[in-house]
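Every number for a ligand or one of its atoms is a count from 1 in the order of the listing.
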Amino acid sequence: MPTTNAPIGIFDSGLGGLTVAKAIQELLPHEQIIYFGDTMHMPYGDKHKHDLIGYTEQIVEFLLRHNVKMIVIACNSASANCASHLREHYHTQVEIQGVIRPILDEVIRQEYKHIGIIGTQATMDSGIYEEILKEKKQNIHIQALATPKLAPMIEEQMSKGHYNDEIISDYLTQFTNIEALLLACTHYPLIKEKVQTYFNNKVSILDNSNYMAQAVQDYLKESNQLAKAKQGDHQYFVSHKTENFVKAASLFFGKSINVQEENIFAQ
Ligand code: DGL
């Protein structure tokens, strides 16, 4: 059984989940994080549910070998397609939470009437955002759009900072009269400023990271598992290590990040 001092496991297809990891580190500085980026299979957004379930089971097993006390699926595509399966399969071993519920709780709290949602094809095809919102809130107009070019562009260009503004605006131009835009992909906060600028700061831009961090804090508090003092260093693993990932992760945290390659899919 993990102790309160055990680490929190977090995973994504690549860099995007780092936005959630950072928010958790800032809110809960005593917690240690074990991060896994499945860069070998990035992007998750164009994968079938069946394949995503296969990859994410392997990642959960890997994190369990690190004795984590909870697992955060810091990826919307995996949260949308695999969270129920993983929870069903592993509920006796570990708490598993996805990024979707916490941001939707905020949408409901704010009582928005007209929102936009952008995310990967896998997330948008699942229809989960609309499903949960319609279930909880009758009078909301939702405009959802798959934006499949964004996550691969961010993953590749983050370390260079050469984003193609036209790709971003071609997508955003499709939204009219929205009060809020949900960034339903954990990669998108990395271009949040560009999105804000596009809308002249007149639309609220919401992303998963801070709401997820809050949900992690609530869960650890309620289950009496908050770490009491600073634990070991955070650890970052990827299934395929590239210079690009190391550079982008270091840039994102503003310090050199040690990234280890662990091909958990080898056999
Ligand atoms: N960051 C992920 C998400 O939130 C996945 C992006 C991708 O790999 O396509 O959906």
K.L.:
Provide, to 0.1 Å, the distance between atom 7 (C) of ligand 1 and the closest protein heavy atom, together with that atom's residue and name.
P.N.:
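Looking only at protein heavy atoms, the one closest to atom 7 (C) of ligand 1 is Tyr44 N, 3.2 Å.
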K.L.:
Show the atoms of ligand 1 that are less than 4.0 angstrom away from any heavy atom in Asn76.
P.N.:
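Contacts of ligand 1 toward Asn76, numbered from 1: 3 (C), 4 (O), 10 (O).
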K.L.:
Run the numbers for me: atoms of ligand 1, each under 4.0 Å from some heavy atom of Pro43, listed by number.
P.N.:
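Counting atoms of ligand 1 from 1, those under 4.0 Å from Pro43 are 7 (C), 8 (O), 9 (O).
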K.L.:
Examine the side chains of Gln196 and Glu193 and answer whether a donor and an acceptor come within less than 3.5 Å of each other.
P.N.:
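Short answer, no.
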K.L.:
Just say parallel, tilted or perpendicular for the rings of His66 and Phe237, cut-offs at 30° and 60°.
P.N.:
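Rings of His66 and Phe237: tilted, 30 to 60°.
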K.L.:
Less than 4.0 Å between a side-chain N and a carboxylate O, is that true for Lys69 and Glu31?
P.N.:
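Looking at Glu31 and Lys69, the cut-off is met.
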K.L.:
Can you name the atoms of ligand 1, numbered from 1 with element, that are less than 4.0 Å from a heavy atom of Met42?
P.N.:
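Answer, ordered by atom number: 7 (C), 8 (O).
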K.L.:
Between the side chains of Glu262 and Gln260, is a donor N or O closer than 3.5 angstrom to an acceptor N or O?
P.N.:
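Note: Glu262 and Gln260 side chains miss the donor-acceptor criterion.
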K.L.:
Quick one: does ligand 1 sit under 4.0 Å from the side chain of Cys75, the backbone, both or neither, non-hydrogen atoms only?
P.N.:
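The answer is both, backbone and side chain.
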K.L.:
Any atoms of ligand 1 less than 4.0 Å from a non-hydrogen atom of Ser13? List them with their elements.
P.N.:
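Matching atoms, with element in brackets: 5 (C), 6 (C), 7 (C), 8 (O).
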K.L.:
Does any donor atom in the side chain of Tyr219 or Gln225 lie under 3.5 Å from an acceptor atom in the other side chain?
P.N.:
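Present: a donor and an acceptor within the cut-off.
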K.L.:
Ignoring angles and geometry beyond distance, decide whether Gly45 reaches within less than 3.5 Å of ligand 1 through its nitrogen or oxygen atoms.
P.N.:
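For ligand 1, there is an N or O atom that lies under 3.5 Å from one belonging to Gly45.
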K.L.:
With heavy atoms under 4.0 Å as the rule, classify the contact between Cys185 and ligand 1 as side chain, backbone, both or neither.
P.N.:
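It is both parts that get close, each with some atom under 4.0 Å.
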K.L.:
Can you tell me which portion of Asp12 lies within the under-4.0 Å heavy-atom range of ligand 1? Options are side chain, backbone, both, or neither.
P.N.:
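Looking at Asp12 and ligand 1, just side chain atoms fall under 4.0 Å.
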K.L.:
Under 4.0 Å from a heavy atom of Ser77: which atoms of ligand 1 are those, numbered in the order shown and with their elements?
P.N.:
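Selected atoms, number and element: 3 (C), 5 (C), 10 (O).
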K.L.:
With atom 1 (N) of ligand 1 as the reference point, say which of Glu155, Met124, His187, Lys47 has the nearest heavy atom.
P.N.:
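Residue with the shortest heavy-atom distance to the ligand atom: His187.
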K.L.:
For a quick check under 3.5 Å, do Ser159 and Asn244 share a side-chain donor-acceptor pair by atom type?
P.N.:
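Short answer, yes.
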K.L.:
From the options Phe11, Phe253, Phe252, Phe36, select the one residue that forms a ring pair (Phe, Tyr, Trp, His ring centres under 6.0 Å) with Tyr236.
P.N.:
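Of all the options given, the one that passes is Phe253.
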K.L.:
Using a 4.0 Å heavy-atom cut-off, say whether Thr120 meets ligand 1 through its side chain, its backbone, both or neither.
P.N.:
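The answer is the side chain of Thr120.
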K.L.:
Does some side-chain heavy atom of Tyr90 sit less than 4.5 Å from a side-chain heavy atom of Ile71?
P.N.:
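A side-chain contact under 4.5 Å is absent here.
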